[in-house]
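Accompanying notes for the structure given below.
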Amino acid sequence: MDNHRDTAPNPLTEPELPATELPATGLPVADLAGAEAVVRILPIAELHLHIEGTLQPELIFELAERNGITLPYSGLDELRGLYEFSDLQSFLDLYYANMAVLRTEQDFADMTRAYLARAQEAGVRHAEIMMDPQAHLARGVSLKTCVNGVASALATSVEDFGISTLLIAAFLRDLPEESALEVLDALLAMNAPIAAIGLDSAEVGNPPAKFERLFARAREAGLRLTAHAGEEGPASYIIDSLDILGVERIDHGIRCMDDPELVERLVDDRIPLTVCPLSNVRLRTVDTLADHPLPAMLAAGLNVSVNSDDPAYFGGYVDDNFAQLTAVFELSEFDRARLAANSIHSSFASEDRKAELLDELNGG
Ligand code: ADE
Ligand code: ZN
């Protein structure tokens with residue numbers, strides 16, 4: 001192959017190229033608190049976001065009061081003091097417990113609007129939002145309440161926040177597949193506005209093969225497919241998510257770095273990996289941000305994007321993830337533009353919407 005080129009590489013169209021500096025794009029500059037670097041806010045797609053993980057402590061108390069629920073915490077300080085996690089399960093315990101305050105459509109709508117307002121500031125122009133319907137059903141909250149509540153906020157998101165959205169029904173892998181099948185059928189029967197399904201919750205011990213029928217059924221129904229894999233679980237869960245579940249995208253996927261052959265396959269097939277650096281630090285899948293494999297993943301040519309996962313719990317939204325990564329790894333503007341372009345290319349948005357977003361990223 002002839003590698004000679006007369007022009008500078010373009011991260012929007014050539015994400016596999018090695019990092020070099022890009023000229024300023026003319027996009028707005030935000031001086032982000034807590035980061036050493038001044039980081040340009042780029043237009044991005046957020047692809048890995050659990051709406052229940054955006055429930056901020058203040059909103060938890062507000063909704064508890066509105067719904068007459070007594071929380072087992074004396075106040076905000078006590079609740080905030082619990083945001084120290086030793087692993088995924090220790091986080092999930094608090095995450096599911098705090099959902100108790102979500103009772104009405106209005107509660108789900110308010111939570112969703114609060115995320116969209118903050119995401120707009122973070123540069124998010126398209127968001128693919130996961131929700132956990134089984135976690136709400138288990139508390140006696142109907143599908144109609146949780147789906148319609150979130151969907152009502154999404155319906156006006158373009159108008160209100162300039163953010164296009166898609167809804168992803170995520171299924172809890174620590175529950176039996178039968179439960180997931182029943183809920184998927186109910187979502188389809190009510191014509192719920194979902195574009196995709198995902199697979200989340202406790203990964204280790206709940207391998208992808210457990211959900212083969214669920215993903216086959218979702219595919220038949222015309223839904224897009226994604227799954228958490230290789231967050232705490234082994235690289236083989238990524239392989240099985242691709243081969244057995246047929247997913248198009250992998251949520252997290254950082255453990256692929258343990259398997260060079262898998263990395264080669266993911267690079268060749270341009271499989272998107274929705275990486276969540278601050279989440280990985282808070283859940284101790286990496287020791288510190290400086291130990292995060294994101295730079296190595298970029299250097300390997302993997303199709304990675306940066307996402308916030310559960311921003312209310314992990315110390316930051318997607319702009320905070322970008323700012324801290326930039327401060328720790330001195331990411332170049334080229335790297336950040338490449339991450340932004342990857343997020344757009346990897347989304348389930350229409351080709352027209354992707355073209356619009358890429359144009360905006362390109363300063364158009
Ligand atoms: N549910 C919410 N956040 C999650 C995460 N990081 N991993 C698995 N399940 C989740
Ligand atoms: Zn997640």
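All values below come from the heavy atoms of this structure, side chains included, with hydrogens, waters and symmetry mates left out. Whatever order the structure lists ligands and atoms in, that order sets their numbers, starting from 1.
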| message | Angle between ring planes, Phe85 versus Tyr313, binned at 30° and 60°: parallel, tilted or perpendicular? | response | tilted
| Lys/Arg-Asp/Glu bridge criterion (N-O < 4.0 Å) met for Asp243, Arg265 | yes
| query | So, Gln324 versus Asp320: side-chain donor-acceptor pair below 3.5 Å or not? | reply | no
| query | Judged by non-hydrogen atoms, does Ser201 sit under 4.0 Å from ligand 1? | reply | yes
| request: Give a yes or no on whether Cys276 keeps an N, O or S atom under 2.8 Å from the Zn ion (ligand 2). | output: no
| said: Within ligand 1, which atoms have a heavy atom of Asp310 less than 4.0 Å away? | reply: 2 (C), 3 (N), 4 (C), 6 (N)
| request: Do me a favour and list the nearest non-hydrogen protein atom to atom 7 (N) of ligand 1 with residue, atom name and distance? | output: Glu231 OE1, 2.8 Å
| Asp309, N/O/S atom nearest the Zn ion (ligand 2) | OD1
| query | With ring centroids as reference points, do Tyr95 and Phe91 lie under 6.0 angstrom apart? | reply | yes
| said: Under 2.8 Å from the Zn ion (ligand 2), is there any N, O or S atom belonging to His50? | reply: yes
| query | Of the non-hydrogen atoms in Ala235 and Cys256, which two are nearest, and what is the gap between them? | reply | CB-CA, 4.4 Å
| task | Below 4.0 angstrom from a heavy atom of His252, which ligand 1 atoms are there? Numbered from 1 as shown, please. | result | 6 (N)
| Of Arg282, Glu232, His50, Glu203, which has the heavy atom at the shortest distance from atom 2 (C) of ligand 1? | His50
| Ion pair present between Arg213 and Glu178, side-chain N to carboxylate O less than 4.0 angstrom? | yes
| Polar side chain donor-acceptor pair, His345 to Asn303, under 3.5 angstrom | no
| note | Near Asp309 (heavy-atom distance under 4.0 Å), the atoms of ligand 1 are 3 (N), 5 (C), 6 (N)
